[in-house]
Amino acid sequence: MPELPEVETIRRGILPLTGGKKVERLIVRVHALRYPLDGLKLACLRGQRLEDITRRGKYLLFHFSRGWLLLHLGMSGSLRYLPESRPPAAHDHFDIRFQDGSCLRLRDPRRFGLVLFLEQDPFTHPLLKAFGPEPFSEEMNGAYLHRRSRGKRLPVKELLLDQKTVAGLGNIYVNEALFAAGIDPRKAAGSIGLSRYQRLAAAIREVLGRALAAGGTTLRDFRDGVGNPGYFSVQLQVYGRAGMPCPRCGASVVGERCHQRSIYFCRRCQK
DNA sequence: CCCAAGACCTGGCGGC
DNA sequence: TGCCGCCAGGTCTTGG
């Protein structure tokens with residue numbers, strides 16, 4: 001489900017509702033997520049105060065008084081704020097209960113998500129250490145992408161999906177950004193010149209910025225922290241629109257597979 | 001190091 | 001209606 005705009009939408013929604021609260025206890029119903037949940041470590045959070053919630057790529061970082069909770073929503077994860085307790089439904093694997101009776105509840109049918117408690121700086125953790133720049137940072141620009149892509153023969157869309165290149169992009173926004181930049185997603189990353197990467201860097205920011213303003217993209221099940229869908233779906237230009245007219249030239253949008261995943265593009269507008 | 005493919009899961013949908 | 005195969009917003013691991 002969630003790429004940067006969705007994760008950031010969740011973050012902005014739940015921070016004002018939970019920031020400053022103290023943890024009463026954690027409830028783990030299902031341990032087998034991407035990695036097994038460590039109940040003992042998580043129990044350390046009891047009594048700790050939630051100081052802040054930040055984001056790195058698609059990860060949410062919960063800053064507690066003495067440690068960090070890392071949360072990744074995988075493909076199907078969602079996080080929901082509940083003002084008061086409510087019986088769990090199917091796939092509600094994990095709750096953070098606060099002392100005022102409210103809670104944050106993680107649901108994740110496919111269990112590709114991740115929950116990890118860290119006592120040290122999360123940014124040096126192996127999962128985050130090699131992450132590329134945030135899309136809205138100055139460091140993420142055309143020259144950077146150009147440099148990163150030299151000598152690479154993999155398709156440019158694969159380069160962008162790699163979190164070591166840019167942190168936070170996923171399949172939807174890679175397809176949309178490449179359309180906005182007029183670049184064929186299958187094109188070898190190393191064969192694209194500087195000026196086209198400059199256009200791509202701008203396109204990435206533009207697409208993510210608009211998605212963020214719309215509260216993310218709901219294809220089937222994305223919901224923000226309080227249960228609202230995102231409205232960027234109606235602005236998607238190519239993603240999921242195989243056979244429909246290209247919004248720029250009217251030619252039919254192509255949907256095919258590239259490296260085991262769907263790509264959508266316009267043959268006429270993207271070279 | 002680079003790259004491709006397989007693995008991990010469940011649910012929803014289209015086709016028969 | 002029921003079953004089957006395929007597809008899904010992610011990313012880690014393995015092997016050439």
Side-chain angles (χ1 to χ4, degrees), chain A residues 1-10 29-37 55-60 70-79 89-94 106-116 125-132 135 147-178 185-191 207-208 211-212 214-224 229-243 255-264:
Chain A
M1 171 219 312
E3 306 181 33
L4 185 150
E6 291 75 38
V7 176
E8 179 63 17
T9 296
I10 292 172
R29 296 184 197 84
V30 172
H31 293 260
L33 299 190
R34 194 198 312 171
Y35 303 118
L37 262 65
R55 181 191 55 72
R56 178 77 173 102
K58 301 170 193 170
Y59 280 84
L60 284 172
L70 254 64
L71 194 77
H72 193 291
L73 297 170
M75 201 86 133
S76 59
S78 59
L79 193 63
H91 312 300
D92 285 345
H93 305 317
F94 175 72
L106 173 70
R107 174 177 303 182
D108 186 4
R110 292 178 73 180
R111 293 193 267 118
F112 290 165
L114 174 153
V115 178
L116 196 61
H125 190 275
L127 286 166
L128 294 181
K129 183 174 63 182
F131 261 38
R147 192 172 356 108
R148 277 294 296 201
S149 60
R150 291 311 85 187
K152 296 204 190 280
R153 266 164 303 162
L154 83 174
V156 60
K157 76 113 194 172
E158 284 297 306
L159 181 73
L160 294 183
L161 282 174
D162 186 346
Q163 304 297 294
K164 296 195 287 299
T165 308
V166 180
L169 292 177
N171 210 32
I172 295 180
Y173 300 111
V174 163
N175 277 278
E176 291 295 308
L178 287 166
R186 302 164 301 176
K187 197 169 168 62
S191 71
V207 167
L208 291 180
L212 212 37
T217 300
T218 296
L219 294 181
R220 42 181 77 74
D221 54 10
F222 169 69
R223 291 293 183 274
D224 69 11
Y231 297 98
F232 192 65
S233 340
V234 296
Q235 294 185 54
L236 293 174
Q237 307 285 291
V238 288
Y239 187 87
R241 301 178 59 82
E256 52 182 61
R257 310 285 296 174
C258 174
H259 278 57
Q260 329 265 83
R261 305 198 68 181
S262 300
I263 55 171
Y264 300 93

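Values in this document were obtained by computation on a predicted structure and should not be read as measured data. In the text below, chain A, chain B and the rest are named by the order of the sequence lines, each starting its count at 1.
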> Starting at CG of A:Leu70 and ending at C1' of C:dC12, how long is that distance when rounded to a whole Å?
Replying inline: 16 Å
Protein N or O to nucleotides 2-6 of chain B N or O, pairs below 3.5 Å:
residue, atom, partner, partner atom, Å
B:dC3, OP1, A:Arg153, N, 2.4
B:dC3, OP1, A:Leu154, N, 3.4
B:dA4, OP1, A:His259, NE2, 3.4
B:dA4, OP2, A:His259, NE2, 2.4
B:dA4, O5', A:His259, NE2, 3.4

>> A:Arg34: which residues meet the salt bridge (Lys or Arg N to Asp or Glu O under 4.0 Å) condition with it, sequence neighbours left out?
In response: none
> Taking only residues two or more places apart in sequence, or in another chain, which ones meet A:Asp162 in a salt bridge (Lys or Arg N to Asp or Glu O under 4.0 Å)?
Replying inline: A:Lys164
> What integer distance in Å separates A:Lys58:NZ from C:dG9:P?
Replying inline: 10 Å
>> Please check this pair: side chain of A:Lys58 against backbone of A:Leu169, looking for a donor-acceptor N/O pair closer than 3.5 Å.
In response: yes
>> Please report the distance, rounded to the nearest Å, between CG in A:Leu219 and P in C:dC7.
In response: 17 Å
>> What is the separation between atom CG on A:Leu116 and atom C1' on C:dT11, rounded to the nearest whole Å?
In response: 15 Å
>> Just the rounded figure in Å: distance from P of C:dT11 to CG of A:Leu73.
In response: 10 Å
> Considering residues at least two apart in sequence or located in another chain, which fulfil the ring-ring contact (aromatic ring centres under 6.0 Å, His included) criterion with A:Phe222?
Replying inline: none
Atom pairs under 3.5 Å, N or O on each side, protein against nucleotides 8-12 of chain B: can you list them with distances?
residue, atom, partner, partner atom, Å
B:dC9, O3', A:Arg111, NH2, 2.9
B:dC9, O2, A:Arg110, NE, 2.8
B:dC9, N3, A:Arg110, NH2, 3.3
B:dT10, OP1, A:Arg111, NH2, 2.8
B:dT10, O4', A:Pro109, O, 3.3
B:dT10, O3', A:His91, NE2, 3.4
B:dG11, OP1, A:His91, NE2, 2.6

>> Whether A:Arg261 contacts C:dG10 is assessed here as follows: a side-chain N or O lying under 4.0 Å from the phosphate OP1 or OP2. Is that the case?
In response: yes
>> Can you check the distance between C:dC12 and B:dG11, where both ends of the measurement are the C1' atom (answer in whole Å)?
In response: 23 Å
> With A:His72, which residues qualify under ring-ring contact (aromatic ring centres under 6.0 Å, His included), at least two apart?
Replying inline: A:Tyr59
> salt bridge (Lys or Arg N to Asp or Glu O under 4.0 Å) with A:Arg29: which residues, sequence neighbours excluded?
Replying inline: A:Asp95
>> Categorize A:Asp162 for me: base, sugar-phosphate, or nothing, with a 4.0 angstrom heavy-atom threshold over every strand shown.
In response: nothing
>> Once ring-ring contact (aromatic ring centres under 6.0 Å, His included) is applied, do any residues pair with A:Phe94, and if so which ones, sequence neighbours excluded?
In response: none
>> For the CZ atom of A:Phe112 and the CG atom of A:Leu73, what is their distance to the nearest 0.5 Å?
In response: 13.5 Å
> Between A:Thr9 and A:Asp224, is there a donor-acceptor pair closer than 3.5 Å when you use the side chain of the first and the backbone of the second?
Replying inline: no
>> Taking the nucleotide of DNA chain C with the nearest heavy atom to each, does A:Thr218 or A:Arg34 sit closer to the 5' end?
In response: A:Thr218
>> Could you check whether any side-chain heavy atom of A:Phe232 comes within less than 4.5 Å of a side-chain heavy atom of A:Ile172, counting everything from C-beta outward?
In response: no
> Do A:Thr218 side-chain atoms and A:Gly230 backbone N/O form a donor-acceptor pair below 3.5 Å?
Replying inline: yes
> In residues 163-174 of chain A, what residues come within less than 4.0 Å of DNA chain C, judged by heavy atoms?
Replying inline: A:Gln163, A:Gly170, A:Asn171, A:Ile172
> Across the strands shown, which category fits A:Arg257 at heavy-atom distances under 4.0 angstrom: base, sugar-phosphate, nothing?
Replying inline: sugar-phosphate
>> Please enumerate all residues that pass salt bridge (Lys or Arg N to Asp or Glu O under 4.0 Å) together with A:Arg55, with sequence neighbours excluded.
In response: A:Glu8, A:Glu134
> P atom, C:dC7 versus B:dA5: distance in rounded Å?
Replying inline: 15 Å
> Is A:Thr217 touching bases, backbone alone, or none of the nucleic acid, heavy atoms closer than 4.0 Å?
Replying inline: base
>> Would you say that A:Tyr173 contacts A:Leu160 through its side chain, given a criterion of any heavy-atom pair below 4.5 Å between the two side chains?
In response: no
> What integer distance in Å separates A:Leu127:CG from C:dG10:P?
Replying inline: 16 Å
>> Within the structure provided, determine whether A:Asn175 and A:Ile263 are in side-chain contact (heavy-atom separation under 4.5 Å).
In response: yes
>> Does any part of the side chain of A:Leu71, heavy atoms only, come nearer than 4.5 Å to the side chain of A:Val115, both counted from C-beta?
In response: yes
> Rounded to the nearest Å, what distance is computed from the CG atom of residue A:Leu128 to the P atom of nucleotide C:dC12?
Replying inline: 10 Å
> If only atom types and distance count, is the side chain of A:Glu176 paired as donor or acceptor with the main-chain N or O of A:Leu236 below 3.5 Å?
Replying inline: no
Scan nucleotides 13-16 of chain C against the protein and return all N/O pairs shorter than 3.5 Å with their distances rounded to 0.1 Å.
none

> In which ranges does DNA chain C form stems of 3 or more consecutive Watson-Crick or G-U pairs, distances under 3.5 Å?
Replying inline: B:2-8 with C:10-16, B:10-16 with C:2-8
>> Nearest 0.5 angstrom please: A:Glu158 CD to A:Arg153 CZ, how far?
In response: 14.5 Å
>> Considering every strand and a 4.0 Å limit on heavy-atom distances, what is the contact class for A:Leu33: base, sugar-phosphate, or nothing?
In response: nothing
